[in-house]
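Worksheet for the structure shown next.
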Amino acid sequence: MALLGEYEPSTQEWVRDQVERYERTNGREGGTLADTGLPVIVLWTLGAKTGKLRKTPLMRVEHQGEYALVASKGGAPEHPFWFYNLIAHPDKVTIHDRELLMDATVRQVEGQERVLWWERAVAAFPPYAEYQTKTTRHIPVFVATAKS
Ligand code: F42
């Protein structure tokens with residue numbers, strides 16, 4: 001059952017517009033990052049402070065039904081807010097990937113598992129590697145697994 005809650009759109013217009021187009025067309029519109037042609041998913045989380053439903057487009061990094069969620073925020077020095085939402089509510093997550101709405105649990109990965117998923121992420125979206133060189137912040141990587 002997809003995450004329930006009072007949806008609070010992103011404060012960034014381009015982000016909330018992409019979510020709106022993605023949801024209306026199951027990703028036929030808004031399914032890629034601008035003109036890169038690279039696919040995105042929409043992450044649903046529960047606000048760590050507001051408890052509201054938040055929807056965030058992320059690059060699609062999928063492997064055997066699991067998804068990496070890379071909190072790069074373009075290499076900014078601070079984590080994105082959705083990072084704190086996942087920390088607060090790791091088991092209150094939905095992944096929208098075109099026709100799939102997947103209820104999920106997330107874990108933050110480190111060590112060898114992070115190396116493996118980081119390789120997959122950079123293969124899917126090469127700018128991630130550049131973002132990491134732009135900041136001393138260790139870019140968090142979560143892996144979302146379908147709830148059984
Ligand atoms: N961002 C990434 O980090 N990684 C990606 O792979 C990525 C891909 C991508 C593709 C397409 C696209 O359109 C955007 C993409 N982005 C990617 C940007 C991403 O969608 C987010 O905009 C970005 O990561 C910043 O996330 P954010 O959660 O900081 O969003 C801000 C703009 C936001 O929505 N702020 C809200 C606000 O009202 O200011 C608050 C959001 C929130 O969740 N608040 C929490 C709450 O309780 O409601 C509080 C959290 C806390 O504890 O402070």
Side-chain angles (χ1 to χ4, degrees), residues 2-63 65-98 100-110 113-145:
L3 203 51
L4 297 174
E6 179 193 346
Y7 173 45
E8 179 72 34
S10 168
T11 48
Q12 289 179 330
E13 185 176 1
W14 61 288
V15 171
R16 61 175 182 264
D17 287 352
Q18 176 148 24
V19 169
E20 191 279 325
R21 285 182 295 130
Y22 195 104
E23 294 202 325
R24 182 165 36 81
T25 65
N26 262 346
R28 287 185 301 282
E29 286 177 40
T32 60
L33 171 63
D35 54 0
T36 66
L38 297 174
V40 305
I41 58 169
V42 178
L43 169 71
W44 298 14
T45 60
L46 218 49
K49 290 180 179 158
T50 64
K52 292 188 176 177
L53 179 58
R54 301 290 190 168
K55 298 181 180 181
T56 308
L58 297 177
M59 298 319 294
R60 182 180 188 275
V61 181
E62 183 273 342
H63 181 75
E66 290 190 306
Y67 294 81
L69 311 171
V70 180
S72 52
K73 198 179 174 182
E78 72 284 345
H79 294 322
F81 284 117
W82 60 265
F83 164 84
Y84 300 101
N85 299 349
L86 290 181
I87 294 292
H89 306 295
D91 60 345
K92 294 196 174 14
V93 173
T94 292
I95 302 286
H96 186 184
D97 181 9
R98 297 197 181 253
L100 173 69
L101 267 185
M102 181 179 100
D103 276 356
T105 298
V106 301
R107 65 187 187 280
Q108 189 172 351
V109 292
E110 291 298 356
E113 193 178 19
R114 186 184 186 281
V115 169
L116 184 61
W117 277 102
W118 183 256
E119 283 167 5
R120 290 168 180 157
V122 172
F125 185 60
Y128 280 140
E130 178 199 325
Y131 294 161
Q132 185 58 82
T133 65
K134 281 173 62 179
T135 179
T136 54
R137 176 172 67 94
H138 181 60
I139 293 178
V141 177
F142 294 87
V143 173
T145 305

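Remember, it's 1-based here, ligands and their atoms both numbered in the order they're listed. Just so you know, these numbers use all the heavy atoms, side chains as well, and skip hydrogens, waters and symmetry mates.
The nearest heavy-atom contact from the protein to atom 1 (N) of ligand 1 is Leu58 CD2, 3.8 Å. Closest to atom 25 (C) of ligand 1, if we only count protein heavy atoms, is Pro80 CB, 3.8 Å. Among all protein heavy atoms, the one lying closest to atom 26 (O) of ligand 1 is Trp82 CD1, 3.3 Å. For atom 48 (O) of ligand 1, the closest heavy atom belonging to the protein is Thr50 OG1, 2.6 Å. Atom 27 (P) of ligand 1 has as its closest protein heavy atom Phe81 N, 3.5 Å. For atom 43 (O) of ligand 1, the nearest protein heavy atom (residue, atom name, distance) is Asn85 ND2, 2.8 Å. The protein non-hydrogen atom at the shortest distance from atom 36 (C) of ligand 1 is Arg54 NH1, 3.9 Å. Scanning the protein heavy atoms around atom 39 (O) of ligand 1, the nearest turns out to be Thr11 CG2, 3.3 Å.
Every atom of ligand 1 with a heavy atom of Lys73 under 4.0 Å away is listed here by number and element: 2 (C), 3 (O). Remark: ligand 1 atoms within the under-4.0 Å shell around heavy atoms of Ser10 are 32 (C), 34 (O). Which parts of ligand 1 touch Gly47 is read off a 4.0 Å heavy-atom cut-off, strictly below it: atoms 46 (C), 47 (O), 48 (O). The atoms of ligand 1 that sit less than 4.0 Å from any heavy atom of Ala71 are 3 (O). Taking a cut-off of under 4.0 Å to the non-hydrogen atoms of Thr56, the atoms of ligand 1 that pass are 19 (C), 20 (O), 21 (C). The contact set between ligand 1 and Gln12, taken as ligand atoms under 4.0 Å from a residue heavy atom, comprises 22 (O), 32 (C).
For the atom pair CD (Glu20) and OG (Ser10), the distance works out to 14.0 Å, reported to the nearest 0.5 Å.
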If you apply the rule side chain to side chain contact (heavy atoms under 4.5 Å, CB included), what do you find for Lys55 with His96, and how did you get there? CA-CA 9 Å; Lys55 298 181 180 181; His96 186 184; over 6 Å; no
Pair Thr105, Asp91 - check side chain to side chain contact (heavy atoms under 4.5 Å, CB included), show working.
CA-CA 4 Å; Thr105 298; Asp91 60 345; 4.2 Å; yes
- Please step through side chain to side chain contact (heavy atoms under 4.5 Å, CB included) for the pair Trp117 and His63, ending with a clear verdict. CA-CA 9 Å; Trp117 277 102; His63 181 75; 3.6 Å; yes
Margin query: Checking Thr56 against Val15 for the side chain to side chain contact (heavy atoms under 4.5 Å, CB included) test, could you report, in this order, the C-alpha distance in whole Å, the side-chain angles of both residues, the deciding distance, and whether it holds?
Written below: CA-CA 7 Å; Thr56 308; Val15 171; 5.5 Å; no
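Taking distance alone, with nitrogen or oxygen atoms compared against 3.5 Å, Val70 approaches ligand 1 more closely than that limit. Geometrically, ligand 1 and Met59 share a nitrogen or oxygen pair separated by less than 3.5 Å.
In Thr45, neither the side chain nor the backbone holds a heavy atom less than 4.0 Å from any atom of ligand 1. Using a 4.0 Å cut-off between heavy atoms, Ala88 makes no contact with ligand 1 at all. At a heavy-atom distance under 4.0 Å, only side-chain atoms of Leu33, from C-beta outward, approach ligand 1. By the criterion of a heavy-atom distance under 4.0 Å, the side chain of Trp14, and not its backbone, is placed next to ligand 1. Looking at Gln18 against ligand 1, only its side chain comes within 4.0 Å, counting heavy atoms. Contact annotation: for Val15 versus ligand 1, heavy atoms closer than 4.0 Å belong to the side chain alone. Heavy atoms of Tyr84 found under 4.0 angstrom from ligand 1 belong exclusively to the side chain.
Relative orientation of the Phe83 and His79 rings is tilted, given thresholds of 30° and 60° on the angle between their planes. Between Tyr128 and Trp118, the ring planes lie tilted relative to each other; the angle falls in the 30° to 60° range. Ring orientation note: the planes of Trp82 and Phe142 are tilted relative to one another, at an angle of 30° to 60°.
Between the side chain of Lys134 and the main chain of Gly74, a donor-acceptor pair closer than 3.5 Å is present. At distances below 3.5 Å, not a single donor-acceptor pair connects side-chain atoms of Arg60 with backbone N or O atoms of Leu38.
The only option from Gln18, Arg21, Arg16 that meets the side chain to side chain contact (heavy atoms under 4.5 Å, CB included) definition with Pro57 turns out to be Gln18.
Distance remark: protein heavy atom present below 4.0 angstrom from atom 4 (N) of ligand 1.
Contact analysis puts Tyr128 in contact with ligand 1, with a non-hydrogen atom separation below 4.0 angstrom. Within the structure, the closest approach of Lys52 to ligand 1 does not fall below 4.0 Å when heavy atoms are considered.
No more than 12 heavy atoms of other residues, nucleotides or ligands shown are found within 6.0 angstrom of CD on Glu13.
In this structure, Leu101 and Trp44 have side chains that are in contact, with non-hydrogen atoms separated by less than 4.5 Å. Residues Arg98 and Leu100 have side chains not in contact (no heavy-atom distance under 4.5 Å, counting atoms from C-beta outward).
Smallest separation of non-hydrogen atoms from Gln132 and Arg137: NE2-O, 2.7 Å.
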